[in-house]
Amino acid sequence: MRIAEISTPEHFQAAAAPDSQSPSQNQHSQLLSQIQSKIKQTESHPPGTPLPDSLPSELRQLLTNLTQLAPFPAANNSLKLHLWKLSYRLWNACVDFSNAAAIRSPSSNRSSQNVTKLRHVAADMLSLAVDVVGVPSPAIKSASFYYKTGLAWHDHKIFDLASTCFERATDLLSKLDVSKILDAGERKLLLDLNLARSRTAWEISDKNLALTLLNRSKTLLFGSSAHFKALANQFLAFAKAVLSRNENNGSFNDVLKLLNEALNLCEKGLSISRTREETVEIKELKSKTMRFISAVHLQNGEFESVIKCVKVLRENGGEKGDHHASLPVLAMKAWLGLGRYSEADQELKGMVVNKGIPEGVWVSAVETYFHAVGNAGVETTKGVFLGLLGRCHVSARAALRVVHRVVGDGNGIEGLRTRGKVVAELASDERVVALFASESVAKERTAMHAVLWNCGSGNFQLKDYETSAEMFEKSMLYIPHDLENRVIRAKGYRVLCLCYLGLTQLDRAQEYINEAEKLDPNIICAFLKFKICLQKNDHCGATNQIQKMISCLDFTPDFLSLAAHEAVASRALPVAVAALSNFLNFYNSGKPMPTTEVVVLRTLVTILSQDLDKEAEVLKFLKQAHKRASELGAESFFGKGEVGRRERNWFAVTSWNFGAKCGKEKNYELCAEFLRLVSRFYSLMGDGQMEENNVTICKSLIMTVSAMIASENQNTTPLPDAEVKHAVELLERAGKILTSLSMGNIEGDIHFIYVLNAYDMHGRLNNLGSQHHIVKNFAGTKTCSPQYLLQIGLNASQGPRFNAEVATFALSECLSGFLSSPSPNYQDVALIVRRLIAIASIHKGNTDDDAVLGMYKQAYRIMVGLKEGEYPTDEGKWLAMTAWNRAAIPVRMGEINVAKKWMNAGLELARKVTGMETYQAYMEDYVADFEKKFHTQIAGEIQPQQVQ
């Protein structure tokens, strides 16, 4: 407000008609004239425009010059009065500027500071003339200017200038006798100046000075309740400032001291208050102070003290006691701190009927209560929240905070389940849903959906699918039914499908995924339908769904891999095979694939291996693996280094194992195909294990031909010529490997089988020389044994591939081997002798009778020296009888010498055979008679009779 100018007539006369002036007075007049000119310029400046920056500095400089001429002579009172008037004019101009700025628009900080600078100049001008005569209470008026200027600098947070102004005002007032100041306004100035100075000291962190000034202010109360209230307010303000800084380093005691000072002042103020308004105001301040004392005790963990303070506040004034909204919160937190949850529960429920509690307060109370009580307070929290819904308007933000707090982070599976059910009840309440209906709370609605979704997700991870499904269903209530949110709704339906899949409620899962597909048809919907088919054991439907997955616009091959995993987990092996078979079709596209082709083929073969009668399919994929490895290159397909070698070996070993399995099951046709692949796989990569691989290759080649021959015998269908030639090629390759291998690395049986197979195949091509060459080479190896030669000889001496030369060679070598043994098996020797006699008889016939006779004589030499019965008796009888009977034809033909050779051979053999004594006597008699009649002319009359 403007300050009235001094307009006493005698003052103007004194100023208008001064005495003759001295030079010093002339300087005063000039400076005052310049100051007056600047003040006029200030007064004429439009209030709505900023002051020029130069004006305050120019006035300050003029005032500095004038100050250098002080002190003014006591007789020159008119000069002081003139200066006093100029100060008031400048001050009133500043008031006009401030009022205009407040009415029109907030002024800039710089412009406002210029006005404060002018105020400061006005205060300093007035202090120069503070000893003026004729003005009542000039020191108090000058101090008032400094006080108000200091307040302005304090508002600008320029605390050093504010402190300077307050100190100047304090100096002016310190010269006065306070006891003689009777004006209420002047007394109020004394207190306000002290409080303002204390606040400034507090701002510059000079807390000791600030508190000293406050305590000094107790002497300036003058028995006024208003003064008591003002000083109590300042103590309370400092206490609040300390609390707001969260200073926990022993500051609680300091805060309590400040609050107790305020409380004492309030009580003293009440004792001297005269009006009802004063009493009410001080009581409100006292209650406020006590609430802060309660808050400090609560923060310091002194819960009993909190309860006492709240009790005092509530009982103060009977039914009209303090019912501030903070009291239930303070009491509830204190009861919680004491572990008395039932009392805390009552305080929380009491908030429902207290309409004065702001929304933020009860929401914070609910959060605190739930944090302390945990799962046990879930139902109470729900009841309080629903009660508040019925009592007052609750914002969507508050509802969101409560639900978020109830959800929390759970406390084990049971905690999550309990909280989830309560959250579901809260979220599904029609009143809560209505809070989030408008577009103005779209952000809160999205957040509520996220809270419910995350809660459902947490329960889903814990495999509590029932609670999870309920949470996801409630979250759907917070998704608008519009085009923009159809994708989010579809996502919700999909996760509900997953929940009911986990609960094996397949019909509900089917319903939800159908709804999702209507809103947002994509690969995920197709895949979930595939899962449903699997759980229904509808393998045909699952296989068909694979094709639908492939036709989706957002399809990627990863879903086929995932489908295969799901099918294997469900033991739906045909479905897994179908998924991986389709997966293989994408490797020719040239696009990046999630896994290598060799892994897919290996997985396919592994899956098929677990099922029965799938050898044909296994063979198909093994052949495909070999084909792709041949097309891409072994390293590109199998991989490089040790990894590639292991992959290749896996396919080769698997082929061998399936070949062996098919061989045992007498499925020789598939056996041959599998074994043929073994050598092909090993031939794809060269590595450091060539000899080891060559042994396996050699075995697989030989066994392949064996399987081909076995299949021919099984089907009674001769091998085509092309197959025979192919078999010969395989055996030739095996023969080369056998030649290159050291004999210790190859089993004798394999070499023997190779010889038999090679003999067979070359016989089909009439390569008799090759047959003999193969057997002869085999006979010279270390792996060859008499038993192998016996089998070869028997095989060559019978059947369609009869080869007398090979049979004779093999049996002869075999006979030599047996006889060179320390303990020959004469059963086998007898068999070889009989077979050699038969071969010689058939092959040479009568053209070389001596060769056959030589075999009988060799048999006789073998029998010489043997113990009785050591040579098989039946075989010995056979030799003796056949040799004797061979003499019949020469006798008829008149070949006496030939006949005598055979009769002698038979007789000699009979003498070595036990049990032929009767035959021997007969033979000897006949030979004697034959020799007597040697010269008889009719040869036919003396021919020997055949021995039966």
Side-chain angles (χ1 to χ4, degrees), residues 1 3 119 123 126-127 130 136-155 159 161-204 206-241 257-275 277-286 288-289 292:
M1 58 186 295
I3 300 174
R119 286 178 183 270
L126 201 61
S127 69
V130 71
S137 304
I140 291 178
K141 290 184 173 60
S142 179
S144 175
F145 270 37
Y146 274 120
Y147 166 68
K148 293 174 182 178
T149 303
L151 291 179
W153 284 126
H154 188 95
D155 291 340
F159 301 117
L161 292 179
S163 181
T164 299
C165 290
F166 293 143
E167 289 171 359
R168 293 289 301 275
T170 303
D171 289 340
L172 289 170
L173 295 175
S174 64
K175 301 173 182 178
L176 302 177
D177 186 358
V178 175
S179 62
K180 295 180 180 181
I181 299 175
L182 301 178
D183 183 77
E186 293 177 354
R187 287 181 172 182
K188 184 72 164 56
L189 175 63
L190 292 173
L191 178 64
D192 290 345
L193 176 60
N194 230 32
L195 296 180
R197 187 182 172 194
S198 175
R199 286 194 296 270
T200 303
W202 185 274
E203 291 293 342
I204 60 177
D206 192 351
K207 294 182 181 179
N208 291 331
L209 176 60
L211 295 176
T212 300
L213 291 170
L214 283 187
N215 289 320
R216 190 182 298 171
S217 299
K218 294 178 182 178
T219 63
L220 303 174
L221 299 177
F222 301 107
S224 170
S225 61
H227 289 193
F228 278 97
K229 177 188 171 186
L231 183 55
N233 257 324
Q234 193 57 58
F235 272 109
L236 178 61
F238 285 168
K240 289 165 63 176
K257 287 180 182 179
L258 293 171
L259 291 172
N260 286 326
E261 288 284 355
L263 187 62
N264 291 332
L265 289 168
C266 289
E267 291 175 349
K268 291 179 181 179
L270 282 173
S271 64
I272 61 173
S273 61
R274 296 180 177 84
T275 66
E277 291 77 9
E278 289 179 349
T279 302
V280 170
E281 289 177 359
I282 295 179
K283 280 185 175 180
E284 289 179 354
L285 181 59
K286 179 182 177 182
K288 184 178 182 180
T289 304
F292 272 99

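Treat the numbers as computed from the prediction; the structure is a model and nothing was measured.
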Subject >> Atom of Leu285, atom of Lys229 and distance for their closest heavy-atom approach >> reply: CD2-O, 3.6 Å
**OP:** Among Thr219, Leu173, Leu176, Thr170, find the one that has a side chain to side chain contact (heavy atoms under 4.5 Å, CB included) with Leu190.
**Re:** Leu173
**OP:** For side chain to side chain contact (heavy atoms under 4.5 Å, CB included), just list the numbers for Asn215 and Phe235, CA-CA rounded to whole Å, side-chain angles, deciding distance to a tenth of an Å, and then say yes or no.
**Re:** CA-CA 10 Å; Asn215 289 320; Phe235 272 109; 3.9 Å; yes
**OP:** For residues Arg187 and Ser224, determine if any side-chain heavy atom of one lies less than 4.5 Å from a side-chain heavy atom of the other.
**Re:** no
**OP:** Mind listing the closest non-hydrogen atom pair of Val130 and Ser142 along with its distance?
**Re:** CG2-CB, 4.1 Å
**OP:** Give, for atom CG of Leu236 and atom NZ of Lys286, the distance between the pair rounded to the nearest 0.5 Å.
**Re:** 14.5 Å
**OP:** Can you see which heavy atom on His154 is nearest to which on Ala162, and at what distance?
**Re:** N-CB, 3.7 Å
**OP:** Answer yes or no: are there more than 12 heavy-atom neighbours, outside Lys283 itself, under 6.0 Å from its atom NZ?
**Re:** no
Original post:
Just checking, any donor-acceptor pair under 3.5 angstrom between side chains of Thr200 and Ser163?
Top reply: no
**OP:** Could you check whether the rings of Trp202 and Phe238 sit parallel, tilted or perpendicular, using 30° and 60° as the cut-offs?
**Re:** parallel
Original post:
Side chains of His227 and Leu220: closer than 4.5 Å at any heavy-atom pair?
Top reply: no
**OP:** Give the C-alpha distance, both sets of side-chain angles, the deciding distance and a yes or no for side chain to side chain contact (heavy atoms under 4.5 Å, CB included) between Leu209 and Ile204.
**Re:** CA-CA 10 Å; Leu209 176 60; Ile204 60 177; over 6 Å; no
Original post:
Side chains of Phe166 and Tyr147: closer than 4.5 Å at any heavy-atom pair?
Top reply: yes
**OP:** Measure the CD-SG distance between Glu281 and Cys266 for me, rounded to the nearest 0.5 Å.
**Re:** 11.5 Å
**OP:** Using salt bridge (charged side-chain N to carboxylate O under 4.0 Å, His left out) as the criterion, list what pairs up with Lys257, not counting sequence neighbours.
**Re:** none
**OP:** Decide yes or no for Leu214 and Asn194: does some side-chain heavy atom of the first lie under 4.5 Å from some side-chain heavy atom of the second?
**Re:** no
Subject >> Closest approach of Ser217 to Leu191 (non-hydrogen atoms, all atoms of both residues) >> reply: CB-CD1, 3.7 Å
Original post:
Shortest non-hydrogen contact from Arg168 to Ser127?
Top reply: NH2-OG, 3.4 Å
Original post:
Rounded to the nearest 0.5 Å, what separation is found between the CZ atom of Phe222 and the CD atom of Glu186?
Top reply: 10.0 Å
Original post:
Quick one: are Glu267 and Ser271 in side-chain contact, heavy atoms under 4.5 Å?
Top reply: no
**OP:** Could you pull out the closest heavy-atom pair between Ala143 and Leu172, with the gap in Å?
**Re:** N-CD1, 3.7 Å
**OP:** Ignoring hydrogens and angles, tell me if any N or O in the side chain of Lys218 forms a donor-acceptor pair with the backbone of Leu265 under 3.5 Å.
**Re:** no
